[in-house]
Every structure is written in structure tokens, then in C-alpha cells.
Asker: 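Attaching a single structure in C-alpha cells format; questions to follow.
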There are 2 protein chains.
Amino acid sequence: MPIQKVTKEEVINNALLLFKKQGYHRTSMADLAAACGLLKGSFYHYFSGKDALMKEVLDTVHGYFSTKVFPIAFDESLTPRERLEKLIAKQIRVVSNTEGGCLMGNMALETALISDDFIPQMRIFFEEYLQTLTHLYAFQHSPEIAQKLAQQAVVEYEGAWIMVKLTNDYQYLKDVLQRALERFDK
Amino acid sequence: MPIQKVTKEEVINNALLLFKKQGYHRTSMADLAAACGLLKGSFYHYFSGKDALMKEVLDTVHGYFSTKVFPIAFDESLTPRERLEKLIAKQIRVVSNTEGGCLMGNMALETALISDDFIPQMRIFFEEYLQTLTHLYAFQHSPEIAQKLAQQAVVEYEGAWIMVKLTNDYQYLKDVLQRALERFDK
DNA sequence: GTCTATAAAACGATAGAC
DNA sequence: GTCTATCGTTTTATAGAC
């Protein structure tokens with residue numbers, strides 16, 4: 001076996017960083033390959049194309065949230081309110097850890113109207129996210145109100161990233177967390 | 001004297017539609033020219049380049065809001081609450097009138113981290129927007145609370161567009177308007 | 001020799017600019 | 001329309017591990 005410079009997981013991780021920061025259309029295969037120390041042609045040993053790579057990146061993000069973030073909502077060692085705080089705080093921390101904000105939101109805004117390729121994955125992600133928050137808010141509110149509060153939290157979170165990107169002021173995200181908690185207690 | 005087929009204003013308007021729907025990097029000069037019925041080359045008679053065109057588009061959007069939307073907040077024939085409702089409703093109606101949502105938000109998310117070219121214009125737009133909403137909320141709240149409520153309204157509005165693009169469900173925007181009004185009365 | 005990760009080169013298409 | 005550069009992609013070649 002020849003020497004492997006990067007694993008597929010590393011490629012996906014590097015691609016995630018670039019796609020988050022630069023967006024999908026602005027990021028070239030050469031950019032992605034260079035971030036991995038490869039030439040762009042070599043990239044096609046791992047992926048059939050740019051769109052297939054993005055789909056694997058989206059799957060990776062989804063998988064992380066499904067295993068590391070959303071389950072917080074069902075951790076019975078915590079109160080529902082503690083779970084809500086831990087869940088949103090963790091999401092903000094994880095997503096803030098690298099540049100570019102929320103890949104799912106970025107991609108939705110960049111591609112939803114010009115390509116169907118990524119819509120199913122993005123829709124499923126946000127559906128699960130909304131269901132998770134609705135489950136928590138339902139401890140203190142009716143199902144209908146809980147759903148609206150979940151939608152409000154997601155909408156605020158995604159919008160806050162736009163303002164953070166523009167102003168470099170992370171206070172927008174801190175306020176989102178605080179308000180999401182205040183609305184839990186009503 | 002050659003016949004001028006399209007005015008500069010028409011070019012800017014057509015570019016606005018395309019940029020809103022397809023984004024900046026995905027929209028080519030050929031796309032823009034075709035939408036105006038021009039040859040690519042003719043485009044550089046109007047604009048020195050793609051970035052200069054976008055700057056004029058952003059100026060046009062800013063100009064529209066400065067003259068047609070933001071002044072609603074200072075219309076003394078209406079109550080402050082009526083102004084708030086009219087302002088947000090008008091913005092939603094105007095922006096929803098064509099595909100693609102809010103150009104300022106789209107551009108902030110797409111370009112803020114990879115180019116300084118458009119940041120000043122976008123920052124000024126959102127600053128004026130926040131000041132306008134703060135002015136209205138200040139009728140019923142302290143200046144500090146009013147500012148936070150304004151930020152919340154903007155963040156919700158921009159985030160709602162992400163969900164609308166993804167789900168085609170405009171209810172997200174209607175809820176933004178309703179909540180912005182509820183928070184006025186506290 | 002066989003397999004495979006990478007390099008290298010080149011494809012057609014399209015980008016922005018003139 | 002024409003330019004040059006670069007896009008995403010494909011193909012061929014090389015090099016090292018079995």
C-alpha cells in the first residue's frame with residue numbers, strides 16, 4: 001500500500017472548515033485539495049465530485065449533532081431546563097470553534113433556490129433540531145407553543161450568525177441562548 | 001449615437017433579482033448580461049466589474065430602505081406601534097415580492113469572511129435598520145431594552161429567511177412580525 | 001506482479017475582463 | 001467576440017506496500 005497522506009475523515013474535516021468559511025461556490029476543488037496537501041486531481045480518489053463531497057460533509061455534521069448534541073435533550077440526569085441550556089450552549093461552542101458559523105444555515109441560504117441536491121439533508125437536519133427543542137419546551141408549554149418556541153430559537157440562532165459574521169460581535173449569540181432559556185420559564 | 005437598449009437602473013434591478021436568487025459567486029456576468037438582453041462586453045460600459053455592480057446594487061437597496069421603509073418609523077400620523085407594524089410588514093412584503101430573500105443578509109453570510117469589499121455598506125445598512133427599530137421600541141422601553149429588542153427583531157427576520165428558503169413556509173416570517181409587535185407592548 | 005494513494009497532465013467548459 | 005485564467009473533471013503515470 002502506498003503512503004496515505006490524509007484519511008477520508010481528515011479530508012471531510014478540512015472541507016468542512018473551508019466550506020464554512022468560504023461557502024460552497026467560492027471554494028474550489030483546488031482549495032480543498034491544497035488544504036489537505038493534495039493536488040485537485042487526487043481528490044477524486046476519495047469523492048466522485050464536489051457535490052458528493054459536500055453531501056458527505058453535511059452527513060458528518062448531521063451525524064455529530066445526532067450523537068453529541070441532540071441526545072442532550074434526553075439526558076434524564078438533568079432537568080429539562082438544564083438540558084436546554086446545555087444543548088444550545090454546546091451547539092454555540094462547537095460551531096464557534098471554527099470560522100464561518102452554521103454550515104447548514106449557510107448552505108440553505110446559498111443553495112436552496114438553485115439546487116435540489118442538498119435540500120433533503122438540510123431539511124432533515126432542521127426537522128430533527130426543531131423536534132429536539134420542541135421536546136424540551138413541551139415540558140413547560142403546550143405542544144403548539146413548544147413548537148413555536150423551538151422555531152423561534154432556531155430562527156434567532158441562524159439570524160444571529162449573520163450579524164456575528166458582519167460585526168464580529170458574539171453577543172448576538174449569547175443573547176440567543178439567554179432568551180431561549182427565558183422563554184422556557186415563560 | 002447608439003441606441004441605449006437598457007438604462008443603468010434597469011441593469012441594477014435585473015442584477016438585484018439574480019443576486020438575490022443565485023447569490024454573488026454563483027451569478028456570472030453572462031447570467032447578468034443575458035437577464036438584461038445585453039452582450040457580456042456591453043456590461044463594462046455600465047460597470048467597471050462585478051464587484052462594482054454589486055456595490056451599486058447594495059446602494060440601491062439601501063437607498064430604497066432609506067427613503068421608503070425606514071421613514072415609516074417617523075411618520076407622526078401613526079402611533080409608534082402602528083409604525084412598527086407598517087414598517088416590518090412593508091419590508092416583508094417588498095422583500096418577498098421577488099425570489100431570494102434579503103440581499104443584505106445573503107451577502108453578509110456569503111462574503112463577510114472572504115472579502116472586505118461589501119462590509120461597509122452592509123454594516124451601515126444594518127446599523128440604520130437597528131437604529132430605526134430601536135427608536136420605535138424606545139417609546140415603550142428603556143434605551144437599552146429597546147436596542148436589544150431591535151437586535152432581536154433583525155436576527156429573527158434574517159434567520160426566518162433561511163427557514164423560508166429551505167421549507168417554502170412563509171409562516172416563519174409572519175411569526176417574526178407578530179412577535180416583534182407583541183414585544184412592543186411587552 | 002497487483003493494488004492503490006498520489007502526482008501530473010490535460011480535458012472541455014466557463015469564469016471575469018476588455 | 002476574444003482574451004486568459006481557472007473551474008470541475010478525467011485520464012495517465014508513478015511510486016510504494018502487499
Side-chain angles (χ1 to χ4, degrees), chain A residues 1-60 103 106-107 110-111 113-118 121, chain B residues 2-6 8 10-12 14-59 100 103 106-107 110-111 113-118 121:
Chain A
M1 241 209 296
I3 301 161
Q4 181 170 309
K5 299 172 81 168
V6 292
T7 66
K8 188 168 182 177
E9 287 69 30
E10 287 172 327
V11 170
I12 290 175
N13 237 340
N14 287 327
L16 170 59
L17 300 185
L18 270 182
F19 281 139
K20 271 185 51 158
K21 180 177 180 186
Q22 307 191 139
Y24 180 70
H25 294 103
R26 175 61 191 270
T27 301
S28 70
M29 294 300 279
D31 290 336
L32 295 163
C36 301
L38 296 174
L39 296 179
K40 59 175 177 172
S42 309
F43 236 71
Y44 288 80
H45 183 71
Y46 294 90
F47 306 98
S48 62
K50 190 183 182 182
D51 58 336
L53 169 56
M54 175 56 91
K55 285 177 185 172
E56 295 219 35
V57 171
L58 293 176
D59 273 342
T60 299
L103 180 70
N106 297 352
M107 280 295 287
E110 185 180 353
T111 71
L113 295 188
I114 52 180
S115 166
D116 296 337
D117 288 356
F118 312 113
Q121 287 173 282
Chain B
I3 300 165
Q4 186 164 343
K5 301 172 73 173
V6 291
K8 189 168 182 177
E10 287 172 325
V11 171
I12 290 175
N14 287 326
L16 169 59
L17 300 185
L18 269 182
F19 282 139
K20 272 185 51 160
K21 180 177 180 186
Q22 307 192 137
Y24 180 68
H25 294 102
R26 176 59 192 269
T27 301
S28 70
M29 295 300 279
D31 290 336
L32 294 163
C36 300
L38 293 174
L39 298 176
K40 289 199 293 179
S42 310
F43 234 75
Y44 288 81
H45 173 72
Y46 296 89
F47 307 99
S48 61
K50 191 182 179 181
D51 57 338
L53 169 56
M54 176 55 92
K55 285 177 185 171
E56 295 220 37
V57 172
L58 293 176
D59 273 341
L103 181 70
N106 297 353
M107 280 294 288
E110 185 180 351
T111 71
L113 294 188
I114 51 180
S115 167
D116 296 337
D117 287 357
F118 313 113
Q121 288 173 283

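A note on names: the letters A, B, ... follow the listed sequences, proteins ahead of strands, and every chain is numbered from 1. For the numbers below, each heavy atom of this structure counts, side chains included, while hydrogens, waters and symmetry mates do not.
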Asker: Does the side chain of A/Y44 get closer than 4.0 angstrom to OP1 or OP2 of D/dT10 through an N or O atom?
Answerer: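 No, outside the criterion.
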Asker: Let me know, please, whether A/D31 or A/G41 comes out on the 5' side of the other along DNA chain D by nearest nucleotide.
Answerer: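 Nearest-nucleotide comparison on DNA chain D picks A/D31.
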Asker: So for atom NZ, which belongs to A/K55, do other residues, nucleotides or ligands contribute more than 12 heavy atoms lying within a distance under 6.0 Å?
Answerer: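 Atom NZ in A/K55 is crowded, with more than 12 foreign heavy atoms closer than 6.0 Å.
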Asker: With a non-hydrogen cut-off below 4.0 angstrom, is B/G49 in contact with a base, only sugar-phosphate, or nothing?
Answerer: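 If one applies the 4.0 Å heavy-atom cut-off, B/G49 turns out to touch the sugar-phosphate alone, with no base involved.
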Asker: When rounded to the nearest 0.5 angstrom, what distance separates CZ in B/F43 from CG in B/L53?
Answerer: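 It comes to 5.5 Å.
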Asker: What is the distance from NZ of A/K50 to C1' of C/dA15, rounded to the nearest Å?
Answerer: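 For the pair A/K50 NZ and C/dA15 C1', the rounded distance is 13 Å.
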Asker: Whole Å only: how far is the NE2 atom of A/H25 from the P atom of C/dA13?
Answerer: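 In whole Å, C/dA13 P and A/H25 NE2 are 20 Å from each other.
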Asker: Has the side chain of B/S28 got a donor or acceptor that lies under 3.5 Å from a partner of the other kind on the base of C/dA15?
Answerer: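 Side chain to base: no pair below 3.5 Å.
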Asker: What is the separation between atom CG on A/L32 and atom P on D/dT9, rounded to the nearest whole Å?
Answerer: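 Rounded to the whole Å, the gap is 11 Å.
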Asker: Search all heavy atoms of B/Y46 against all heavy atoms of B/L38 and return the closest pair with its distance.
Answerer: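 Shortest heavy-atom separation between B/Y46 and B/L38 comes out as CE1-CD1, 3.7 Å.
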Asker: Looking at C/dG16, C/dT6, C/dA8, which one has an atom nearest to any side-chain atom of A/L39?
Answerer: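 Side chain of A/L39 sits closest to C/dA8.
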Asker: Under 4.0 Å between any heavy atoms, over every strand shown, what does A/V6 touch: base, sugar-phosphate, or nothing? Just pick one.
Answerer: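 Sugar-phosphate contact only.
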Asker: Nearest-Å distance, CE (B/M29) to C1' (D/dT2)?
Answerer: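 These atoms are roughly 15 Å apart.
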Asker: Could you tell me whether the side chain of B/D31 and the main chain of B/S28 form a donor-acceptor pair under 3.5 Å?
Answerer: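 Yes, because the side chain of B/D31 sits within donor-acceptor range (under 3.5 Å) of the backbone of B/S28.
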Asker: Base, sugar-phosphate, or nothing for B/T27, non-hydrogen atoms under 4.0 angstrom?
Answerer: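 Sugar-phosphate only.
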Asker: How many Å lie between CZ on B/R26 and P on D/dT6, as a whole number?
Answerer: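 Answer to the nearest Å: 21 Å.
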Asker: Could you give the CZ-to-P distance, from A/F43 to D/dT10, as a whole number of Å?
Answerer: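 For the pair A/F43 CZ and D/dT10 P, the rounded distance is 15 Å.
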Asker: Has the side chain of B/K40 got a donor or acceptor atom sitting under 3.5 Å from an opposite partner on the base of D/dG1?
Answerer: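 Looking at the base of D/dG1, it does not pair with any donor or acceptor on the side chain of B/K40 (distance under 3.5 Å).
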Asker: Could you state the atom-to-atom distance from CD of A/Q4 to P of C/dC3 in whole Å?
Answerer: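 The distance from CD of A/Q4 to P of C/dC3 comes to 18 Å, rounded to the nearest Å.
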Asker: I'd like to know if the side chain of A/K50 and the backbone of A/Y24 have a donor-acceptor N/O pair within less than 3.5 Å.
Answerer: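 Side chain of A/K50 to backbone of A/Y24, a donor-acceptor pair under 3.5 Å: yes, one is there.
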Asker: What is the distance, to the nearest angstrom, from the OH atom on A/Y46 to the C1' atom on C/dT4?
Answerer: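 Going from A/Y46 (OH) to C/dT4 (C1'), I get 10 Å.
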